[in-house]
Amino acid sequence: MELYPVIATMTEIVGPRLYSCCNCRNQVALHDDVISKSFQGRNGRAFLFSHAMNVMVGPKEDRQLMTGLHTVADVYCRDCREVLGWKYERAYEETQKYKEGKFILEKSKIVKENW
């Protein structure tokens, strides 16, 4: 009988790197979905994500942000209702259109899992 080595990656052993709600540890985003770590939230640094999970999106409203006027909706943890950031629904300036449909999660509101 011939034996073959089994090589497992870190992801296969511990799962994907995630971000969770700081309050209840509900998993809210994948590290692979981080677009940028250089955004500004209400309370300091924030990350821009292409997707979020296990969250609820509140009503849309226009907000004047550092980069201009945007239509955004607050994003809440589905389990504990903590406000984690917002979703960009519409950008009025052409240079900001890439943000539409993306999520801002504030660094102070999320914690790393499986790192």
Side-chain angles (χ1 to χ4, degrees):
M1 177 170 82
E2 213 172 319
L3 298 176
Y4 299 95
V6 176
I7 300 171
T9 65
M10 232 14 217
T11 300
E12 293 169 328
I13 295 169
V14 298
R17 294 190 297 173
L18 301 163
Y19 292 94
S20 298
C21 171
C22 68
N23 193 46
C24 71
R25 297 301 195 266
N26 177 30
Q27 297 173 349
V28 294
L30 297 170
H31 175 71
D32 288 348
D33 290 336
V34 173
I35 295 171
S36 175
K37 293 183 176 182
S38 60
F39 274 69
Q40 188 68 29
R42 287 188 191 113
N43 304 303
R45 279 187 54 203
F47 300 163
L48 181 67
F49 288 86
S50 58
H51 301 93
M53 58 190 176
N54 301 320
V55 296
M56 298 182 314
V57 179
K60 298 175 187 178
E61 63 179 59
D62 285 343
R63 278 192 208 148
Q64 186 67 40
L65 302 174
M66 291 173 63
T67 54
L69 183 63
H70 295 78
T71 302
V72 298
D74 284 339
V75 173
Y76 302 84
C77 174
R78 187 190 65 199
D79 289 352
C80 72
R81 310 294 195 257
E82 179 80 22
V83 177
L84 302 175
W86 63 84
K87 181 179 180 184
Y88 286 103
E89 298 289 350
R90 181 175 179 204
Y92 290 90
E93 295 185 29
E94 198 60 39
T95 60
Q96 303 300 307
K97 293 280 187 192
Y98 74 96
K99 297 176 184 175
E100 291 180 343
K102 312 242 179 353
F103 295 83
I104 286 289
L105 299 179
E106 298 203 39
K107 187 178 178 194
S108 66
K109 301 293 184 117
I110 55 176
V111 294
K112 295 176 181 179
E113 302 277 350
N114 293 336
W115 289 67

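Note that these values count all heavy atoms, side chains included, but never hydrogens, waters or copies made by symmetry.
Nearest heavy atom pair, residue His51 against residue Ala29, reads O-CB, 4.3 Å. Among all heavy-atom pairs drawn from Asn26 and Cys77, the shortest one is ND2-SG, 3.4 Å. Looking at every heavy atom in both residues, Gly44 comes nearest to Glu106 through N-OE1, 4.3 Å. The heavy-atom pair separating Lys60 from Thr71 by the smallest distance is CB-CG2, 3.9 Å. Considering every non-hydrogen atom in both Glu100 and Arg90, the closest pair reads OE2-CA, 3.5 Å. Annotation for Cys24 and Cys80: closest pair SG-SG, 3.8 Å, computed over non-hydrogen atoms.
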**OP:** Please lay out, stage by stage, how Gln96 and Tyr88 fare under the test side-chain contact (heavy atoms from CB on, under 4.5 Å).
**Re:** CA-CA 10 Å; Gln96 303 300 307; Tyr88 286 103; over 6 Å; no
**OP:** Let me see the working for Arg17 and Lys112 under side-chain contact (heavy atoms from CB on, under 4.5 Å), right down to the final yes or no.
**Re:** CA-CA 7 Å; Arg17 294 190 297 173; Lys112 295 176 181 179; over 6 Å; no
Original post:
Hey, mind stepping through Met56 and Arg78 against side-chain contact (heavy atoms from CB on, under 4.5 Å) and telling me if it holds?
Top reply: CA-CA 6 Å; Met56 298 182 314; Arg78 187 190 65 199; 4.3 Å; yes
**OP:** Carefully, step by step, assess His31 and Trp115 under the rule ring-ring contact (aromatic ring centres under 6.0 Å, His included).
**Re:** CA-CA 10 Å; His31 175 71; Trp115 289 67; 4.7 Å; yes
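Here Glu113 contributes atom CD and Ser20 contributes atom OG; the two are 3.5 Å apart, rounded to the nearest 0.5 Å. Note that NE2 of His70 is 9.5 Å distant from NZ of Lys97, once rounded to the nearest 0.5 Å. With values rounded to the nearest 0.5 angstrom, Lys107 atom NZ is found 13.0 Å from Cys22 atom SG. Rounding to the nearest 0.5 Å places CD of Glu89 at 11.0 Å from CZ of Arg63.
Test Ile104, Val34, Ile35 against Phe49 for side-chain contact (heavy atoms from CB on, under 4.5 Å) and you get one pass: Val34. Between Asp74 and the options Lys87, Arg42, Arg81, a salt bridge (Lys or Arg N to Asp or Glu O under 4.0 Å) holds for only Arg42. Partner Arg25 forms a side-chain contact (heavy atoms from CB on, under 4.5 Å) with one of Val111, Asp79, Leu18 and no other, that one being Val111.
Hydrophobic clustering, with ILVMFWY side chains joined whenever heavy atoms are under 4.5 angstrom apart, keeps Phe103 apart from Trp86. At a threshold of 4.5 Å between side-chain heavy atoms, the hydrophobic network of Ile, Leu, Val, Met, Phe, Trp and Tyr places Tyr19 and Val75 in one connected group. Taking hydrophobic clusters as Ile, Leu, Val, Met, Phe, Trp and Tyr residues chained together by side-chain heavy-atom distances below 4.5 Å, Phe47 does not share a cluster with Val83. By the criterion of side-chain heavy atoms lying less than 4.5 angstrom apart, applied directly or through intervening Ile, Leu, Val, Met, Phe, Trp or Tyr residues, Val57 is not grouped with Val72; the two fall into different hydrophobic clusters.
Annotation: Gln64, atom CD; neighbour count of heavy atoms from other residues, nucleotides and ligands within 6.0 Å is above 12.
Looking only at side-chain heavy atoms (C-beta outward), Leu65 and Phe39 stay at 4.5 Å or farther from each other.
Between the side chain of Asn114 and the main chain of Pro16, a donor-acceptor pair closer than 3.5 Å is present. With hydrogens and angles disregarded, no donor-acceptor distance shorter than 3.5 Å links the side chain of Lys109 to the backbone of Leu105. Judged by distance alone, the side chain of Arg45 and the main-chain N or O of Lys37 form a donor-acceptor pair under 3.5 Å.
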